[in-house]
Amino acid sequence: MQLPAFKLEEYFAKYEFVAKYMLGSSDPESHFMHQILSMADKECLALWQNLNLGYTETLGLPLLREAIAKLYQSNAKEDIIVFSGAEEAIYIVMQSLLKPGDEVVVITPCYQSHQAIPQTIGGKVIEFALAWKENTWHFDLEKFAKVITDKTKLIAINFPHNPTGFQPAQQVFREIVNIAKKHNSYLFSDEVYRLSEQNPAATLPNAADCYDKAISLGVMSKSFGLAGLRIGWVATKDVKLRQKLAAYKNYTTICSSAPSEILALIALRNKEHILQRNVNIAKQNLDLLDKYFAEHQEVFAWHRPSAGFIAFPRLKISMPIAEFAQKLVDAESVLIIPGTLFADTNNHFRLGFGRRNLPEALAKFSRFVDKLNLQEI
Ligand SMILES: Cc1ncc(COP(=O)(O)O)c(C=O)c1O
């Protein structure tokens, strides 16, 4: 099976550890290990200090699965399987469910694996595009209802959304679930940015709580900001699917990292504190971005997201976004992600607002824009 190059990851590989300012990252400010360990309760501290570095359970540490299950309303520990990051879970879910010729509907633009893995399997992938109209993102529910048919084997959604930052209303989300139910389609719901909502009341339900054929994807990397743990998970009530996923995992990582499982458990037991800290940084940064973009409306179109750590503004001048991003990183060591890496053709770029050094990065970004001779472009 020949997977295509992962454009975003290859772009990051080139710049992530070279550029000084990550203004395109989707994960927020991380924590140091000593900070996580300092949050450990007695039980976790004992687990950490007596940790044996042997193999761990394929489905995940039972205590960790229990802590993950608490993020759901109706899913229990048994419904959870731990994976090495969300990426491993996406791969295994798609491989376990799809065969050549299966019809898959994917919301675009999207995290590349949602589309590339079904395509590589030989699936018939139908893109359902979010629309950028009047400076904001739209999901056309009526159109969507017509695209989904009894032939739709799987629907891949991702809210809060990468790269646009789009978050539908709860009613729209419930309708999407109903449409999947009506056509008996699997609903793969990538929820890695869930729990980063600036208004907690706007948090969407977990798909796996709403529908037996839904698969909710979670991870420690995004809302929790602990990408280095490489701990992700799937929640689903579909027992047969869970058996397939566990069997497949024996051919990928077998089990997750023992130290990471304990660190993830500690973080989940302190979730309110960690999540709130990350949302607070995002909110402060967004206030700065609102101000900056309001003062630069001739150059950028901006929509403030209500969740997640990424926005997808548009460069309104004629310079192609790939060239703009390249010149910016060369001149100021500030990395943004050109929308072209998400197959966008409308000069959008991904801007990350979860890092503490955003004020500095924005100052460099602003200096770069001021120096562009906009008349000549
Ligand atoms: C929507 C989405 N899903 C999955 C992933 C993969 O997460 P991880 O790197 O933690 O495996 C990402 C990473 O950017 C993402 O944005």
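Keep in mind that the numbers below use all heavy atoms, side chains included, and drop hydrogens, waters and symmetry copies. Both ligands and their constituent atoms are indexed starting at 1 by order of listing. All residue numbers refer to positions in the sequence shown, counting from 1.
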Do [X] and [Y] have side-chain atoms, one donor and one acceptor, less than 3.5 Å apart?
{"X": "Tyr248", "Y": "Glu88", "answer": "no"}
{"X": "Tyr21", "Y": "Glu360", "answer": "yes"}
{"X": "Asn280", "Y": "Gln276", "answer": "yes"}

Run through ligand 1 for me and note each protein residue having a heavy atom under 4.0 Å from it, chain first, then residue number. Ser26, Gly85, Ala86, Glu87, Ile90, Tyr111, Asn158, Asn162, Asp190, Val192, Tyr193, Val219, Ser221, Lys222, Arg230
Do the side chain of Thr58 and the main chain of Ile254 share a donor and acceptor less than 3.5 angstrom apart?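 Side chain of Thr58 to backbone of Ile254: a pair is present.
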Within 45° cone of Phe368 ring axis and under 6.0 Å: Lys327 NZ or CZ: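 Geometry flag: not set, cation outside 6.0 Å or 45°.
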Can you name the one residue among Asp190, Thr108, Asn158 that meets side-chain hydrogen bond (donor to acceptor under 3.5 Å, both in side chains) with His114? Asp190
